[in-house]
Protein chains: 2
Amino acid sequence: MSRPPKAREALLSAYRDLVALEGERAATLEAVAARAGVSKGGLLYHFGSKEALLKGLLEAFRADFALDRELMAADPEGPSRYFVRTSLYTGTELDRLFVAVLRLAQGGSVPAREALAATERGWHELVRAEVGDTATATAIMLMGEGLYQYSSYSGARPEADFGTSLDEVLAVVDRLTGRRS
Amino acid sequence: MSRPPKAREALLSAYRDLVALEGERAATLEAVAARAGVSKGGLLYHFGSKEALLKGLLEAFRADFALDRELMAADPEGPSRYFVRTSLYTGTELDRLFVAVLRLAQGGSVPAREALAATERGWHELVRAEVGDTATATAIMLMGEGLYQYSSYSGARPEADFGTSLDEVLAVVDRLTGRRS
DNA sequence: GTCTATATCTCGATAGAC
DNA sequence: GTCTATCGAGATATAGAC
């Protein structure tokens, strides 16, 4: 691992946050450069094109979610609860990274879609290994996906619109896994 | 109800499909006009701005999903199964309409977000009335949302990635509602 | 390694012919 | 009611100074 220049990291973070927080359209080269504190020309020294910027983001995505998978596999409450618990968007760096890649995938980016699908298959494997049954594992995955999608499009929360807390959702997950709450 | 001109309908359909199938960025005035078979100037005669185009789409959304809610309330299998069953994206007009509004909401449009939230609260009410319990209703809603989101970002299906059919997901829903499969 | 300047393209919207 | 022509803003990307 060669230590990447500081500006490179700052540019990737700026790109991630702009896409996640203000949408793909807001993440212009100029806006990304400004948020990272460099000029447009400076950005284009590190990433020769917008596509290169995306490629850099997907590399970070794969690396960070490989680590997250380790945490999920080792969680004392089990992968299912870990997955659903962390599917509530709370604005962490990892949340923003996921949402950014999700938005790019929804925007039509094929490599983003592939990176996302690979990560999700990994999660499904862990949940299935825990609950034994494929359909139940899928149902739990879908709940997590729904939670993420719902809580990530701008501050809306199941608490607000559906009157249900995360703990109550987790209790339903426990009913499915057979774990006592 | 005044009968709207044919071109108006064609433009709204073109806008809906471009947003749903190729993303918000692809839905430029020129692309929408071309898909509807008119010129950019022709489009701007019917809709004076891009915002007016969005407003027209949201009106169609509200009208069509008010009708869908009637079907959901009257479904012989019950609202929960109806909801999850129809949450699998199959590319119908109603599917494309929902995905289009979802994408616009995710892109930051406040009116799109409001229209979506109102519709989802309506669904939640029906599901809760059926299952009795708020948390269970929310869990079912989340499964549907997850299914929609997953199956709508370009052809991916739970069957393909998770090895689970819609019927198997519905069986899990039945476990939650207490209905026998 | 970072900047300014600029070329080129595409977007939304206007104007006016038909 | 629909078209072509065009404007002004803002986008990506290039060139070259420092």
Side-chain angles (χ1 to χ4, degrees), chain A residues 1-60 100 103-104 106-112, chain B residues 1-59 100-101 103-104 106-112:
Chain A
M1 287 273 190
S2 62
R3 170 176 6 183
K6 226 176 29 181
R8 224 190 110 93
E9 293 298 302
L11 285 163
L12 281 179
S13 297
Y15 181 50
R16 174 198 66 205
D17 289 349
L18 275 170
V19 172
L21 304 176
E22 298 181 36
E24 196 184 349
R25 294 192 70 165
T28 65
L29 294 187
E30 192 156 22
V32 170
R35 186 182 257 253
V38 300
S39 71
K40 218 192 302 192
L43 185 163
L44 286 161
Y45 170 76
H46 292 287
F47 301 94
S49 70
K50 205 165 194 192
E51 198 189 336
L53 200 55
L54 169 65
K55 211 180 139 202
L57 192 73
L58 292 182
E59 267 170 39
R103 292 286 175 265
L104 292 165
Q106 287 165 342
S109 163
V110 173
Chain B
M1 284 272 190
S2 61
R3 170 176 6 181
K6 224 174 38 182
R8 224 190 110 93
E9 293 299 301
L11 285 163
L12 281 179
S13 296
Y15 181 49
R16 174 199 66 203
D17 289 349
L18 274 170
V19 172
L21 304 176
E22 297 181 37
E24 197 184 349
R25 293 193 70 165
T28 65
L29 294 188
E30 193 154 19
V32 170
R35 185 182 261 253
V38 299
S39 71
K40 216 198 297 196
L43 186 163
L44 286 161
Y45 168 78
H46 292 284
F47 300 95
S49 69
K50 204 165 195 192
E51 198 189 338
L53 200 55
L54 169 65
K55 212 181 138 202
L57 192 73
L58 293 182
E59 266 169 42
V101 173
R103 294 285 175 267
L104 292 165
Q106 288 165 343
S109 162
V110 173

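Fair warning: this is a prediction, and the values are worked out from it, not measured in the lab. Convention: sequence-line order gives letters A, B, ...; per-chain numbering from 1.
Taking CZ of Arg16(B) as the start and CG of Leu21(B) as the end, the distance is 8.5 Å to the nearest 0.5 Å. In this structure, Glu24(B) CD and Arg103(A) CZ are separated by 11.0 Å, a value rounded to the nearest 0.5 Å. Atom NZ in Lys50(B) sits 8.0 Å away from atom CG in Leu53(B) (nearest 0.5 Å).
Going from atom CG of Leu11(B) over to atom C1' of dT2(D) covers 11 Å, rounded to whole Å. Protein atom CZ of Arg8(B) is 12 Å distant from nucleotide atom P of dT2(D), rounded to whole Å. Distance CZ (Arg25(B)) to P (dA11(D)): 10 Å, rounded to an integer number of Å. Taking atom CD of residue Glu24(B) and atom P of nucleotide dT10(C), one finds them 20 Å apart after rounding to whole Å. Rounded to whole Å, the distance from CG on Leu29(A) to P on dC9(C) is 17 Å. Put simply, CD on Glu30(A) is 12 Å from C1' on dT4(C), counting in whole angstrom units. Here the P atom of nucleotide dT10(C) and the NZ atom of Lys50(A) are 15 Å apart, to the nearest Å.
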Please set out all donor-acceptor pairs under 3.5 angstrom arising from side-chain atoms of residues 39-49 of chain B, sequence neighbours excluded.
residue: Ser39(B); atom: OG; partner: Gly41(B); partner atom: N; Å: 3.4
residue: Ser39(B); atom: OG; partner: Gly42(B); partner atom: N; Å: 3.1
residue: Ser49(B); atom: OG; partner: Glu51(B); partner atom: N; Å: 3.4
residue: Ser49(B); atom: OG; partner: Ala52(B); partner atom: N; Å: 3.2

Using a 3.5 Å cut-off and no angle test, enumerate the donor-acceptor pairs between side-chain atoms of residues 25-38 of chain B and protein atoms at least two apart in sequence or in another chain.
residue: Thr28(B); atom: OG1; partner: Ala31(B); partner atom: N; Å: 3.1

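Within residues 35-48 of chain A, the residues having any heavy atom under 4.0 Å from DNA chain D are, by residue number, Lys40(A), Leu44(A).
Applying the side chain to side chain contact (heavy atoms under 4.5 Å, CB included) criterion to Ala112(A), with sequence neighbours excluded, gives Leu58(A), Val101(A), Leu104(A), Ala105(A), Ser109(A).
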Distances for protein N or O near nucleotides 16-18 of chain D N or O, under 3.5 Å:
none

Is there any protein nitrogen or oxygen under 3.5 Å from a nitrogen or oxygen in nucleotides 7-9 of chain D, and what are the pairs?
none

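Among the nucleotides dA11(D), dG12(C), dT2(D), the one closest to the side chain of Ala7(B) is dT2(D).
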